[in-house]
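Each remark here refers to the structure printed beneath this line.
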Amino acid sequence: MAMATLTRVPFIYSSSPSTTVGQTHNKYRQVALSTPFLNSLPEFSTHGFHASYSYSSSLSFAGKTSRKSCSRGAVKVLAMADSSRSTVLVTGAGGRTGQIVYKKLKERSEQYVARGLVRSEESKEKIGGADDVFIGDIRTADSLIPAIQGIDALIILTSAVPKMKPDFDPAKGGRPEFYFEDGAYPEQVDWIGQKNQIDAAKAAGVKQIVLVGSMGGTNPNHPLNSLGNGNILVWKRKAEQYLADSGIPYTIIRAGGLQDKEGGVRELLIGKDDELLQTETRTIARADVAEVCTQALQYEEAKFKAFDLASKPEGTGTPTKDFKALFSKITTRF
């Protein structure tokens with residue numbers, strides 16, 4: 001497969017040689033505090049210089065045994081076991097949330113054959129460098145075909161991420177300015193890139209697509225839209241609508257502010273039309289988003305649904321364990 005490279009737009013601070021990693025990290029924490037809405041983006045965090053826009057994919061082929069002693073019955077059992085598993089591709093598998101989803105699928109090998117799609121060899125190595133991780137450019141439809149061929153479900157976790165202009169000094173106050181690199185604007189990544197994934201999945205006969213977006217899309221004046229004049233939530237919403245109109249069973253998850261915290265210890269909250277943004281519960285752990293992505297593959301109640309997702313603070317409420325009941329609460333198709 002020809003390898004195409006997608007221009008990455010990580011959240012990177014251009015520090016001087018005398019600046020320590022700790023000092024740089026502190027700058028990011030100050031930036032995050034001054035622009036908290038940035039945490040709504042799938043790949044942003046206060047550890048911004050580690051953020052990565054990535055996607056990867058992998059093809060798994062059952063090898064034929066050459067051992068004559070292997071019985072036909074054993075081969076038949078293996079074939080039946082493999083056919084009972086769903087092959088799932090995670091795009092954006094090198095990103096902070098994508099890595100968690102990919103890992104969860106790999107850990108549940110009795111249920112899933114995991115694949116990943118990333119943007120570069122570096123991203124592939126970061127998540128283990130397995131043969132089931134492909135390198136491709138979501139802006140180029142043809143580069144997606146090897147990864148998507150033969151899958152049952154697709155989980156989309158790709159997203160454009162703004163870069164901070166290097167002349168920002170948090171010590172002087174104010175807010176930083178952001179921009180997107182050429183070729184990596186939200187229109188190209190969140191609209192064209194996601195449209196390409198949806199089209200390729202439809203052509204391959206994929207049975208379900210889980211798409212992770214962000215809350216805030218009902219407000220055209222949301223602060224995220226002003227970053228780099230990218231209108232990122234506008235393009236995300238356009239891709240979500242395209243998926244909802246595609247005819248493919250879908251689950252659209254509009255996550256709140258993402259946090260790098262332990263998952264499985266909070267009560268999850270379902271909302272619609274950004275109503276959760278008007279409350280104090282508008283954040284969620286990446287690990288919980290990843291779990292909802294994988295659980296959505298198991299229940300019919302999750303199909304043809306779109307919803308906002310956040311959680312109560314740890315220690316309040318009852319940690320969510322019954323995901324069928326959670327999905328059953330959702331009444332919105334878009």
Side-chain angles (χ1 to χ4, degrees), residues 4-55 92 94-99 118-123 126 137-139 157-193 213-217 219-237 255-260 277 282-283 286:
T5 301
L6 172 63
T7 304
R8 170 72 172 102
V9 280
F11 188 74
I12 294 177
Y13 180 81
S14 179
S15 59
S16 66
S18 62
T19 303
T20 67
V21 173
Q23 290 171 329
T24 303
H25 178 76
N26 188 52
K27 288 176 183 287
Y28 279 111
R29 295 188 64 83
Q30 290 176 277
V31 170
L33 290 172
S34 66
T35 52
F37 51 84
L38 277 171
N39 287 309
S40 298
L41 293 178
E43 296 314 324
F44 178 84
S45 80
T46 55
H47 300 274
F49 49 93
H50 292 303
S52 63
Y53 168 65
S54 58
Y55 41 83
R96 297 183 72 82
T97 309
Q99 288 185 49
V118 298
R119 66 179 181 89
S120 67
E121 188 66 38
E122 180 182 359
S123 294
K126 185 172 63 175
D137 185 339
I138 61 171
R139 302 167 304 171
L157 280 155
T158 53
S159 177
V161 181
K163 284 182 82 171
M164 182 176 65
K165 291 185 177 180
D167 56 355
F168 172 68
D169 183 356
K172 295 180 179 179
R175 290 190 175 187
E177 295 183 6
F178 297 88
Y179 69 99
F180 293 95
E181 290 185 343
D182 291 341
Y185 274 79
E187 180 180 2
Q188 296 157 310
V189 177
D190 293 283
W191 166 232
I192 295 173
S214 303
M215 285 196 285
N219 178 15
N221 297 315
H222 192 282
L224 281 175
N225 286 326
S226 66
L227 295 181
N229 294 316
N231 285 317
I232 188 167
L233 295 181
V234 174
W235 295 113
K236 284 182 180 293
R237 198 79 170 187
L258 297 169
Q259 299 179 319
D260 295 315
L277 290 179
R282 49 179 182 265
T283 60
R286 293 178 187 274

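Since the structure is predicted, the reported quantities are computational estimates derived from the model, not experimental observations. Computed over heavy atoms, backbone and side chain alike; hydrogens, waters and symmetry mates excluded.
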So how far is it from Ile138 CD1 to Gln188 CD, rounded to the nearest 0.5 Å? 10.5 Å
Gap separating the OG atom of Ser226 from the CG atom of Leu233, nearest 0.5 angstrom: 10.0 Å
Residues which pass side-chain contact (heavy atoms from CB on, under 4.5 Å) with Asn219, listed by chain and number, not counting sequence neighbours: Asn221, His222
How close do [X] and [Y] get, heavy atom to heavy atom, and via which atoms?
X: Lys163; Y: Glu181; result: NZ-OE2, 2.7 Å
X: Ala160; Y: Ala184; result: CB-O, 3.8 Å
X: Phe180; Y: Gly230; result: CE1-CA, 3.9 Å

Side-chain heavy-atom pair [X], [Y] within 4.5 angstrom cut-off:
X: Asn231; Y: Trp235; value: yes
X: Leu258; Y: Thr283; value: no
X: Pro162; Y: Tyr179; value: no
X: Ile232; Y: Leu227; value: no
X: Asp169; Y: Lys172; value: yes

Going by an N to O cut-off under 4.0 Å, is there a salt bridge joining Arg286 and Asp260? yes
For residues 183-193, the salt bridge (charged side-chain N to carboxylate O under 4.0 Å, His left out) pairs (sequence neighbours left out) are Asp190-Lys236
May I ask you to decide if Gly183's main-chain N or O and Arg139's side chain share a donor-acceptor pair within less than 3.5 Å? yes
The side-chain hydrogen bond (donor to acceptor under 3.5 Å, both in side chains) partners of Glu177 (sequence neighbours excluded) come to Lys165
